[in-house]
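Take a look at the structure set out below.
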Protein chains: 2
Amino acid sequence: MSTAQGARARARTEITAAIKDEARRQLAAEGAAKLSLRAVARALGMVSSALYRYFPSRDELLTALIVDAYDSLGAAAETAEKQVHDAGPLHRWTTVCEAVRAWAMTHPHEYALLYGTPVPGYTAPQTTVQAASRVGLLLIAIARDAHRDGTLSAPALPADLHPEATRMAADLAPDLPPEAVAALVAAWAQLFGLIGFEVFGQFHGVVEHREPFFRQAALRLAQGVGLAC
Amino acid sequence: MSTAQGARARARTEITAAIKDEARRQLAAEGAAKLSLRAVARALGMVSSALYRYFPSRDELLTALIVDAYDSLGAAAETAEKQVHDAGPLHRWTTVCEAVRAWAMTHPHEYALLYGTPVPGYTAPQTTVQAASRVGLLLIAIARDAHRDGTLSAPALPADLHPEATRMAADLAPDLPPEAVAALVAAWAQLFGLIGFEVFGQFHGVVEHREPFFRQAALRLAQGVGLAC
DNA sequence: ACACGGACGAGAGCAGTGCTCTTGCTATGG
DNA sequence: CCATAGCAAGAGCACTGCTCTCGTCCGTGT
């Protein structure tokens, strides 16, 4: 924060950043499972125990990487959307979807850290949730603009889902019709199903030309939430 | 295979099964990351090196568990479908979806093994693919029956996806229209997106009453592939 | 009937891991 | 100016996957 810190504090933030950088490098290269505190320390020319001055455990280091990855993903999605922000909601939607997919393809291990198997005894700290919700908020914002322009035709909902949908709407987007919010949440999960299958190799031998396939699926996803043109 | 084997061979298959059972127990209890060969050996009263007579590595043991898990999931889906096999395709579809979800909820760690982060240097051996495709084949069969009855109205497809769709159709279901196959594959991935988000806790604090939510999403998935009544 | 080869279990050991504790050193704030 | 706090280093503990060796015992072929 304040640049007018003592040399000690400055060194601390620098070393903390260096540790995260090296950890991120190893994460990108080998995956979270093979990320080793000792290897990080070795690469930085220090001894493993010294690293515990900066991160109290391996899981804490991983958590820091998770937050950074969520931010990186959110930033990628937001900058991509910003460039087509004046286009129609459908185009904005598919742009965001493709940006998320592109980020996942270029950061497969980070993606796995965010949306793959969770770490055994791990529960997301509060700092995570804000960073984690950026993509979702972006999709909601697109639907909100469409709703304001009157181009959002939310699909019908069965009666037994209505209370839950209104509850979700109150939490996530009070200005949107509950049916739209329910459809948005479902589309959100389905989007990461498509991306996860591609990143994790489930499409191997099944889908060959995955980019047009994904583009079409993202389009249908948008139509599923009622985004028209 | 043949029951008329020597005592030695019989003991081998028995011990192999016991190892897998204990490993499965530990997998279900703690997750794949914490599955330890030494702990398995300890629980079975043998020494860790003896276990290598039966599985050449930890990854091979995990692979065996993966195949079993795929079979367990496939069997659960198939038996659920069998009980509503005479109903309409829509009902059959949602039944299969809900059976897959139920299996995932009761076997979260096995689910993570199948559809979560893949093991670092792991590529699925040929023995896996057959077991892995059972759920997909079930969904295809439902669409096939609907197509035969004339109740399958496949959605339109952009021109650039047509060659890929016909290629997928030729591989997966030559008797179905390519648009239907493309929609099926997308729905397949999206289904596991919904389930994965629920199993991995991504819906925590977002979706509360997840069963009706999922039921509705599965229904819309079916409509997305063109299943009518 | 017997001898030999192969399967087997046990144990020691290697290289690696996360994490803790103690020991000095050094920079910072009162 | 000095006590205190932060810091790096090293040793060490309890694990892990995996390898190698060494007796032993079973099953098969001669």
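In what follows, chains are A, B, ... by sequence order, proteins preceding strands, each numbered from 1.
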Check your understanding: Between A:S57 and B:S48, which is nearer to the 5' end of DNA chain C once each is assigned its nearest nucleotide?
Key -> B:S48
Review point. Are B:E81 and B:R92 ion-paired here, with the side-chain N under 4.0 Å from a carboxylate O?
Key: yes
Review point. Do B:R101 and B:E98 meet the salt-bridge criterion of a basic N to acidic O distance under 4.0 Å?
Key: no
Point to revise | Residues forming a side-chain hydrogen bond (donor to acceptor under 3.5 Å, both in side chains) with B:R134, sequence neighbours excluded | key: B:D71, B:E78
Check your understanding: Between atom OH of B:Y54 and atom CD1 of B:I15, what is the distance when rounded to the nearest 0.5 Å?
Key -> 3.5 Å
Study note, to complete from the structure: One should read off an interatomic distance between A:Y70 OH and A:L65 CG, to the nearest 0.5 angstrom, of 13.0 Å
Practice item. Output the single nucleotide from C:dC19, D:dC18, D:dG10 whose closest atom is nearest the side chain of A:S49. Key: D:dG10
What N/O pairs connect the protein and nucleotides 27-30 of chain D at under 3.5 Å? Give each pair on its own line.
unit_1, atom_1, unit_2, atom_2, d
D:dG27, OP1, B:R8, N, 3.4

Practice item. Nearest 0.5 Å please: distance from the CG atom of B:L61 over to the NZ atom of B:K20. Key: 9.0 Å
Study note, to complete from the structure: Interatomic distance, CZ@B:F192 vs CZ@B:F197, rounded to 0.5 Å, equals 15.0 Å
Review point. Once you round it to whole Å, what is the distance between P of C:dC25 and CZ of A:R53?
Key: 16 Å
Review point. So does A:R12 get a side-chain nitrogen or oxygen closer than 4.0 Å to the phosphate oxygens (OP1/OP2) of D:dG6?
Key: no
Exercise for review: Please determine if a side-chain N or O atom of A:Y54 lies less than 4.0 Å away from the OP1 or OP2 oxygen of D:dA8.
Suggested key: yes
Dump the pairs, protein N or O against N or O of nucleotides 14-16 of chain D, anything under 3.5 Å, distances to one decimal.
unit_1, atom_1, unit_2, atom_2, d
D:dT16, OP1, B:S36, OG, 3.1
D:dT16, OP1, B:R42, NH2, 3.3
D:dT16, OP2, B:R42, NH2, 2.8

Review point. Checking all strands, does A:I15 fall into the base, sugar-phosphate, or nothing category for heavy-atom contacts under 4.0 angstrom?
Key: sugar-phosphate
Exercise for review: Could you state the atom-to-atom distance from CD of A:E30 to P of C:dG16 in whole Å?
Suggested key: 14 Å
Practice item. Give the rounded distance in Å between these two atoms: CG of B:L44 and P of C:dG9. Key: 11 Å
Practice item. Could you tell me whether A:R167 and A:D171 have a side-chain N and a carboxylate O separated by less than 4.0 Å? Key: yes
Practice item. May I ask you to check whether B:F200 and A:Y115 place their ring centers less than 6.0 Å from one another? Key: no
Check your understanding: Rounded to the Å, how far apart are B:I19 CD1 and D:dG17 P?
Key -> 13 Å
